[in-house]
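What follows is a short report on a single structure.
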Amino acid sequence: ATLDQDVTINGLSIHTGNRLTIQPGKRLTVTGTLANTAGNSGLVIESGGSLIHNSNGVAATVKREITGSSTLTAMKYHFVSIPTQYTAPTSNLFLGSYLYKLDPTHTSSENNYGVWEALGTSTTTLLNTNQGYMIYYPEASKTYTFVGNLNNGVYSYALTGHSGEGVYTFNLIPNPYPSSIVWNTNDNSCWTKSAGIGGSCYIWNAANGNYSTIASSADSYIPVGQALMVLATNEASPTLSVNNAARAHSSQAFYKSGNSTENKLVIRASSNNYADETVVAFAEEATEAFDLQTDGMKLFGLEEAPQLYTLSSGEKYSLNNLPLFQDQRNVDMNFETQFTGEVTLNFEGIESFNPSVKIHLLDELTGQTINLRSQQVYRFNHNPENAASRFKLLFGGSIGLEETAARLGNMWISGKTLYINTPKLTGQTGMVEVYNASGQRLINKHLVLSELSTMELDAKGFVVVKLTAGQEIITLKGILMQ
């Protein structure tokens with residue numbers, strides 16, 4: 001029999017000599033007992049099919065199609081798992097592919113995820129169903145077949161850890177079930193983990209030429225036969241287990257970015273037919289430091305692919321949750337690639353911020369400032385010799401401004417830099433005056449105003465800034481730190 005539609009039933013028995021095939025894209029849920037006396041060939045789950053069941057000892061055949069390329073420089077790698085039980089699986093399971101395992105014993109304080117170890121050409125190399133692997137198939141595609149009993153119930157991972165703060169260990173672990181699983185480690189009914197396990201996981205995205213960060217959320221899916229990298233820190237013996245409650249029928253390829261819809265900006269860089277993505281979000285519970293349960297580290301992909309990330313407290317982030325800000329906040333955003341040519345930045349999530357929050361992109365190489373509320377696409381030319389520290393994301397509020405300022409624009413101070421946001425005065429010459437608490441004028445400077453102008457303030461302590469442009473005056477009070 002062939003399952004060509006989604007079905008949920010209370011019980012199912014497959015008798016000797018019979019076969020049930022779950023077609024690609026079809027879903028079978030058995031809420032009661034699933035019995036298969038026909039052996040591995042009696043229950044076949046085609047690549048893209050999905051099964052959720054609750055019985056032990058169910059024999060089956062699970063297939064997974066892997067895409068590849070005869071051009072080895074295309075780097076079409078995939079993270080894979082062994083989705084059935086084997087006593088002594090060997091590398092013959094992935095015959096025809098280059099096969100690698102991640103050695104997590106190589107640790108670093110510089111976002112190093114470990115070392116990929118090639119497993120050679122032998123077909124008898126022992127594998128471990130409790131680990132994930134990375135493969136590269138040197139042709140267009142191949143479907144791999146796995147036979148044995150299906151996993152059911154609690155599945156515990158064997159992880160490598162490392163004691164010491166600031167040292168990170170990455171383990172490549174499998175999705176053990178014949179369905180997708182939800183990466184939602186905040187839900188204790190699905191996952192059980194020790195304190196040192198991070199809330200984000202990572203997969204290799206072959207199309208983007210980069211690692212993708214998957215935030216812990218109710219809609220972050222890991223497909224059948226997929227492996228994922230998890231982070232452990234400051235824990236010699238970390239523990240992690242998943243159970244049936246994490247299973248889900250999903251056709252979603254991998255994941256969604258982040259688990260928050262408020263105050264979240266998603267930036268995607270595209271160049272050379274590759275892409276990368278970084279996320280900046282603001283939340284009440286976030287800190288400036290690396291938040292193990294909500295932040296994601298930047299893992300670098302192909303040198304010729306775009307590498308986009310933000311910085312905070314000395315770390316490089318793919319997913320950066322920061323504290324809520326009151327007046328203004330600037331976030332450093334770096335870009336790197338060995339590709340020479342045009343790069344496109346796309347910005348999503350502007351609408352998730354309060355309309356009073358002004359959001360700009362500052363390109364420090366060209367001096368351009370882009371109002372992201374009116375323009376969500378920015379294109380620029382890149383040379384590998386350019387400094388990585390090219391961009392700043394400028395988030396500005398409107399606290400402490402006069403009525404006329406609210407109509408004409410606003411100003412804010414970050415560090416020792418004055419930001420002047422005056423789109424209605426662009427092209428006019430303005431005079432900036434800075435006074436201390438005693439009324440002494442410290443700075444008097446003329447400048448031609450643009451949509452967003454900047455000026456370094458060589459002063460400290462409480463100051464009053466006055467901008468005069470024709471008949472218009474904008475003032476700001478602030479404190480300059482040493």
Query raised in the report: Out of Tyr136, Trp116, Tyr133, Tyr211, which one pairs with Trp204 under the ring pair (Phe, Tyr, Trp, His ring centres under 6.0 Å) rule?
Result: Tyr211
Requested in this report: Measure the acute angle between the ring planes of Tyr100 and Tyr77, then classify it against the limits of 30° and 60° as parallel, tilted or perpendicular.
Outcome: perpendicular
**Report entry** Phe395/Phe282 under ring pair (Phe, Tyr, Trp, His ring centres under 6.0 Å): CA gap, chis, key distance, verdict
**Finding:** CA-CA 11 Å; Phe395 300 86; Phe282 298 91; 4.9 Å; yes
**Report entry** Within-4.5 Å side-chain heavy-atom neighbours: Val331 and Lys392
**Finding:** no
Query - Check: Leu299 and Phe170 side chains under 4.5 Å, non-hydrogen atoms - result: yes
Report task. Taking the side chain as every heavy atom from C-beta outward, state whether Leu119 and Met134 have any pair of such atoms under 4.5 Å apart. Result -> no
Query raised in the report: Side chain of Thr71, backbone of Thr73: donor and acceptor closer than 3.5 Å?
Result: no
Requested in this report: Step by step, work out the side chain to side chain donor-acceptor pair (under 3.5 Å) result for Ser122 and Thr124.
Outcome: CA-CA 6 Å; Ser122 172; Thr124 60; 3.0 Å; yes
Query raised in the report: Any side-chain heavy atom of Phe79 within less than 4.5 Å of one from Leu172?
Result: yes
Query raised in the report: Got a second to check how far Ser270's OG is from Leu308's CG, nearest 0.5 Å?
Result: 10.0 Å
Report task. Compare every heavy atom of Ser180 with every heavy atom of Pro223, then report the nearest pair and how far apart it is. Result -> CA-OG, 3.5 Å
**Report entry** Any pair counted as salt bridge (charged side-chain N to carboxylate O under 4.0 Å, His left out), so long as it reaches residues 74-97, sequence neighbours left out
**Finding:** none
Report task. Please say whether more than 12 non-hydrogen atoms of neighbouring residues, nucleotides or ligands are located less than 6.0 Å from CG in Asn128. Result -> yes
**Report entry** Over all atoms of both residues, closest heavy-atom pair of Val7 and Ile9
**Finding:** CG1-CG2, 3.5 Å
Report task. Show the numbers, then the answer: is there a side chain to side chain donor-acceptor pair (under 3.5 Å) between Asn210 and Gln307? Result -> CA-CA 8 Å; Asn210 267 301; Gln307 305 299 321; 2.9 Å; yes
Report task. First locate atom OG1 of Thr61, then atom CG of Leu150, and finally report the distance between them rounded to the nearest 0.5 Å. Result -> 9.0 Å
Requested in this report: Answer yes or no: are there more than 12 heavy-atom neighbours, outside Lys193 itself, under 6.0 Å from its atom NZ?
Outcome: yes
Query raised in the report: Got a sec, which residues hit salt bridge (charged side-chain N to carboxylate O under 4.0 Å, His left out) with Asp276, two or more places apart in sequence or on another chain?
Result: Lys298
Query raised in the report: Any donor-acceptor pair under 3.5 Å linking the side chain of Asn208 with the backbone of Tyr274?
Result: no
Report task. Report the distance from atom CZ of Phe146 to atom CG of Leu93, rounding to the nearest 0.5 Å. Result -> 6.0 Å
Requested in this report: Assign the ring pair Tyr144 / Tyr137 to parallel, tilted or perpendicular, where the plane angle (0 to 90°) is split at 30° and 60°.
Outcome: perpendicular
Query raised in the report: Should Ser50 and Ser179 be marked as a side chain to side chain donor-acceptor pair (under 3.5 Å) after you check the CA-CA gap, both sets of side-chain angles, and the distance that decides it?
Result: CA-CA 5 Å; Ser50 179; Ser179 70; 4.7 Å; no
**Report entry** salt bridge (charged side-chain N to carboxylate O under 4.0 Å, His left out) partners of Asp363, counting only residues at least two apart
**Finding:** Arg390
**Report entry** Side chains of Leu43 and Leu34 in contact at under 4.5 Å (non-hydrogen atoms)
**Finding:** yes
Requested in this report: Would you confirm whether Thr337, through its side chain, and Phe339, through its main-chain N or O, come within 3.5 Å as a donor-acceptor pair?
Outcome: yes
Query raised in the report: Closest heavy-atom contact between Leu292 and Thr233?
Result: CD1-CG2, 3.8 Å
Query raised in the report: What do the steps show when you test Val44 against Arg19 for side-chain contact (heavy atoms from CB on, under 4.5 Å), and what is the final call?
Result: CA-CA 8 Å; Val44 178; Arg19 174 184 295 182; 4.2 Å; yes
Requested in this report: List the steps and the verdict of side-chain contact (heavy atoms from CB on, under 4.5 Å) for Tyr202 and Leu228.
Outcome: CA-CA 6 Å; Tyr202 309 83; Leu228 57 149; over 6 Å; no
Query raised in the report: In Å, rounded to the nearest 0.5 Å, how long is the span from OG1 of Thr145 to CG of Leu95?
Result: 11.5 Å
Query raised in the report: Is Thr169 reaching over with its side chain to a backbone N or O of Thr160, donor-acceptor style, under 3.5 angstrom?
Result: no
Report task. Name the orientation class of the two ring planes belonging to Trp412 and His360 (parallel below 30°, tilted from 30 to 60°, perpendicular beyond 60°). Result -> tilted
Requested in this report: Just do the side-chain contact (heavy atoms from CB on, under 4.5 Å) check on Met297 and Tyr168 with the steps written out, would you?
Outcome: CA-CA 10 Å; Met297 287 189 167; Tyr168 307 105; 2.9 Å; yes
Query - Side-chain (Ser352) to main-chain (Lys264) donor-acceptor, under 3.5 angstrom - result: yes
Query - Phe335 and His382 aromatic centres sub-6.0 Å - result: yes
**Report entry** Ser318 backbone acceptor or donor facing Thr278 side chain under 3.5 Å
**Finding:** yes
Query raised in the report: Would you say the side chain of Thr31 lies within less than 4.5 Å of the side chain of Thr29, judging by non-hydrogen atoms?
Result: yes
Query raised in the report: Distance from Thr125 atom OG1 to Leu99 atom CG, nearest 0.5 Å?
Result: 8.0 Å
Query raised in the report: Can you name the closest pair of heavy atoms from Thr67 and His78 and give their distance?
Result: O-NE2, 2.9 Å
Query raised in the report: Tell me, do Asn56 and Val58 make a side-chain contact under 4.5 Å, heavy atoms counted?
Result: no
Query raised in the report: Which residue pairs satisfy the salt bridge (charged side-chain N to carboxylate O under 4.0 Å, His left out) criterion with at least one member in residues 145-161, sequence neighbours excluded?
Result: none
Query raised in the report: Do other residues, nucleotides or ligands put more than 12 heavy atoms under 6.0 Å from the CZ atom of Phe380?
Result: yes
Query - Full working for side chain to side chain donor-acceptor pair (under 3.5 Å) between Thr2 and Asp4 - result: CA-CA 6 Å; Thr2 298; Asp4 55 6; over 6 Å; no
Requested in this report: Return the set of residues passing salt bridge (charged side-chain N to carboxylate O under 4.0 Å, His left out) with Arg329 (not counting sequence neighbours), or none when no residue passes.
Outcome: Glu288
Query - Side chain proximity check, Asn263 to Leu324, heavy atoms < 4.5 angstrom - result: yes
Requested in this report: Output, in order, the C-alpha distance, side-chain angles, deciding distance and verdict of ring pair (Phe, Tyr, Trp, His ring centres under 6.0 Å) for Phe300 and Tyr309.
Outcome: CA-CA 10 Å; Phe300 284 80; Tyr309 55 95; 5.4 Å; yes
Requested in this report: Would you give the length of the straight line joining atom OG of Ser241 to atom OH of Tyr157, rounded to the nearest 0.5 angstrom?
Outcome: 9.0 Å
Query raised in the report: Minimum heavy-atom separation for Asn244 to Asn54, with atom names?
Result: ND2-OD1, 3.6 Å
Report summary line: Heavy atoms of Asp6 and Arg27 approach each other most closely as OD1-N, 3.0 Å
Query raised in the report: Under 3.5 Å, side chain of Lys142 to main-chain N/O of Ser97, donor-acceptor pair present?
Result: no
Query raised in the report: Counting heavy atoms not belonging to Glu303, are there more than 12 under 6.0 Å from its CD?
Result: no
Query raised in the report: Considering residues at least two apart in sequence or located in another chain, which fulfil the salt bridge (charged side-chain N to carboxylate O under 4.0 Å, His left out) criterion with Glu336?
Result: none
